[in-house]
Amino acid sequence: MDNGFEGLPAVAAGAVAAPGVLAILGASGDLTKRLLLPALYNLACDGLLPDDFAVVGMARKEMTSADFRAAQREEIKRFHTRRSFDGDAWDWLESRLHYSAGEFSDPAAYARLRDSIAEVAQGGAAAGNTLLYLAIAPEFFATVNEHLDAAGFTRLPGRRRIIVEKPFGKDLASATALNRALLAHWQEEEIYRIDHYLGKETVQNLFAFRLANPLFAPLWNADHVDHVQISATETVGVETRGEYYDKTGVVRDMLQNHLLQMLAYVCMEPPASLDPDAVRDAKARLLESVRIPTAEAVQAECVRGQYGPGRKADGSPAVGYREEPNVAPASATETYAALTLHIDNDRWRGMPVYLRSGKNLWKRGTEIVVQFKAGSGTLAGEGNLLVFHIQPHQGVEIRVLAKRPGPAFELQRAGMRFDYADTFEASRGTGYEVLLYAALNGDPTLFSRTDFVEAGWRIMQPVLDAWKKAPPDGFPNYPAGSWGPQVASALLARSGRRWHEFLPREVLARNPLFAAAPPVLLNTLVLALRPLAVPAGTAVVHAGDHDHRLFVVCHGRLEALAPDGAVLGALTDGDCFGEMALLLDQPRSATVRAVTPCDLLVLDGPDYGRILADFPAAEEEFRHLAAQRR
Ligand code: BG6
């Protein structure tokens with residue numbers, strides 16, 4: 001591969017990175033100890049850093065290089081990601097750490113930094129390759145750049161690069177201004193904007209999967225794909241970041257950057273080559289073909305939410321967003337959003353893309369679902385799903401229908417799955433390894449260009465504007481630990497679709513009913529259970545009905561009512577209902593109504609019958625539960 005840098009050799013897979021000096025501005029902060037040094041340490045362990053490599057940290061704090069090394073030596077023990085600690089690799093890296101103290105407002109500090117960089121490079125190979133990592137709050141970017149320019153960093157001999165962390169702007173105007181401020185001092189090819197999602201192997205694999213597997217290419221268009229869902233759900237709340245988050249919200253924090261990066265990989269036109277600019281052109285063109293939502297479209301096709309008090313995924317109590325530290329008591333900031341986007345190009349015209357992300361939800365998981373259209377042949381059932389499991393489970397899965405073993409001709413859902421854990425022998429990293437490695441080698445493929453960043457803001461700006469103009473209704477609108485607000489389910493239900501919820505086996509095993517279930521049963525259930533979000537006040541089943549569904553309560557409260565309206569009992573998280581009507585083939589003896597919004601999993605009659613036939617012990621357990629309830 002040609003890395004486009006004169007004087008630097010092209011980089012072969014597994015090769016040692018190009019010599020260079022990495023200056024970290026803001027080196028006493030969290031990013032350095034939690035991510036940057038653990039990533040450099042991983043590269044050192046894998047023998048991927050060159051001898052001519054050094055780090056110069058800069059921050060306000062007065063300390064010597066020896067103090068900096070000692071401090072990082074302690075931190076790395078806490079933050080390294082490897083199974084065991086490799087002392088030799090750390091010593092190698094530690095001997096290359098240096099420190100230059102200075103205030104970011106003091107021009108002399110930049111002159112000292114420049115001299116330190118020259119000194120550690122000692123006129124050797126590293127001297128021609130300087131990386132300036134801005135690990136600082138974005139409000140300082142513009143000033144720091146002016147000082148860097150004034151101190152001659154933009155004119156250093158050899159190659160130089162500036163690496164910038166998100167958030168990149170807080171809206172279209174500020175992002176454009178920030179780009180202008182950077183471009184006043186640096187060339188576009190010298191600016192490396194980081195989106196840590198591009199450091200994830202499973203995100204990079206989206207690109208590999210599409211380009212290297214011709215199997216899917218003919219199907220990759222609106223004729224065959226019904227819609228795409230991109231979800232990133234988190235179990236964490238805002239924790240200690242209330243002050244930042246309350247000014248930000250999930251659209252700026254997750255959708256404008258991470259989710260759009262994934263959308264670009266899934267939907268872009270295949271680039272003609274792996275040249276960084278060819279790839280970045282293709283990504284930017286895709287975002288530019290996303291329809292900019294009108295105010296009416298935001299109203300009709302985008303929904304938001306904010307979490308109220310509830311329970312964490314582990315069952316511990318969780319405060320509502322408005323009670324979090326440094327959050328305004330009547331905050332209108334969204335902690336959840338679900339948006340419908342449309343891509344107006346020949347490939348995707350007419351096919352919706354749904355994006356959603358939120359904090360304090362029931363499950364951590366980033367997944368991309370490509371839902372294919374249902375066929376129309378003799379055995380055509382539901383459309384196939386292609387699922388990219390980005391994290392924490394890493395893999396790719398195709399959901400198909402298969403003939404169930406046995407004399408009868410019956411179909412059953414099955415999954416064909418490739419798991420990273422079973423396929424690759426790779427050490428767990430921070431995600432920053434590949435980004436630092438690429439930056440050292442001058443390969444900008446995984447970094448965002450001005451056009452991509454601004455196209456992303458152009459898509460999100462109308463959403464931010466519309467939501468600012470119309471304060472939210474009924475915030476908070478989802479309890480912490482739930483699947484999210486009802487409006488998000490309703491958004492897809494309007495077109496007869498639903499969000500695909502992927503139940504990791506461990507999440508299912510949290511339910512007492514399934515706690516002791518063997519793995520094959522759990523796998524079968526994972527494929528068979530279907531999510532159902534129900535608003536408060538809805539009757540889920542009616543007394544007297546003959547319906548064959550079993551319900552598992554993931555979240556919420558319901559009551560069972562006798563035909564005369566008397567309350568027979570309550571059901572809540574971990575309970576199930578409906579098994580009696582199924583087991584005894586009787587009409588429902590009670591109506592079950594949601595008292596609060598409820599997140600349920602539904603097992604439809606035929607799946608239930610099949611599972612009981614295949615797993616007699618499960619039938620025993622259901623009967624036992626039924627008897628207890630009676
Ligand atoms: C960051 C956001 O960019 O991404 C956080 O600021 C969010 O709010 C995080 O939690 C999610 O990253 P990951 O890698 O855990 O999915």
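Both ligands and their constituent atoms are indexed starting at 1 by order of listing. Atoms considered below: every heavy atom in the structure, side chains included; atoms not considered: hydrogens, waters and symmetry mates.
Residue H258 approaches ligand 1 through these ligand atoms, each under 4.0 Å from one of its heavy atoms: 1 (C), 3 (O), 4 (O). Listed by number with element, the atoms of ligand 1 under 4.0 Å from a non-hydrogen atom of K166 are 1 (C), 2 (C), 3 (O), 6 (O). The contact set between ligand 1 and K359, taken as ligand atoms under 4.0 Å from a residue heavy atom, comprises 5 (C), 7 (C), 8 (O), 10 (O).
Here the heavy atom of the protein found nearest to atom 7 (C) of ligand 1 is E234 OE1, 3.5 Å. Counting only heavy atoms of the protein, atom 12 (O) of ligand 1 lies nearest to H196 NE2, 3.1 Å. Shortest contact from atom 6 (O) of ligand 1 to any protein heavy atom: D253 OD1, 2.6 Å. Closest to atom 16 (O) of ligand 1 among all protein heavy atoms lies Y197 OH, 2.5 Å. Protein heavy atom nearest atom 15 (O) of ligand 1, with residue, atom name and distance: R364 NH2, 3.8 Å. The shortest contact between atom 14 (O) of ligand 1 and any protein heavy atom is with K200 NZ, 2.6 Å.
With no hydrogens or angles considered, no side-chain donor-acceptor pair links Y41 and D86 at under 3.5 Å. Side chains of D465 and Q461: a donor on one and an acceptor on the other come within 3.5 Å. Side-chain contact of N360 with K312: a donor-acceptor pair under 3.5 Å is present, judged by distance alone.
Using a distance-only test at 3.5 Å, with no hydrogens or angles considered, a donor-acceptor pair links the side chain of D171 to the main chain of S174. T340 contributes a side-chain N or O that, together with a main-chain N or O of E301, makes up a donor-acceptor pair within less than 3.5 Å.
By the 30° and 60° cut-offs, the orientation of the rings of Y354 relative to H227 is perpendicular.
Every pair passing ring-ring contact (aromatic ring centres under 6.0 Å, His included) that includes a residue from residues 442-472 is listed here, sequence neighbours excluded: Y192-F447.
Residue contact check for ligand 1: Y245 places no non-hydrogen atom closer than 4.0 Å to it.
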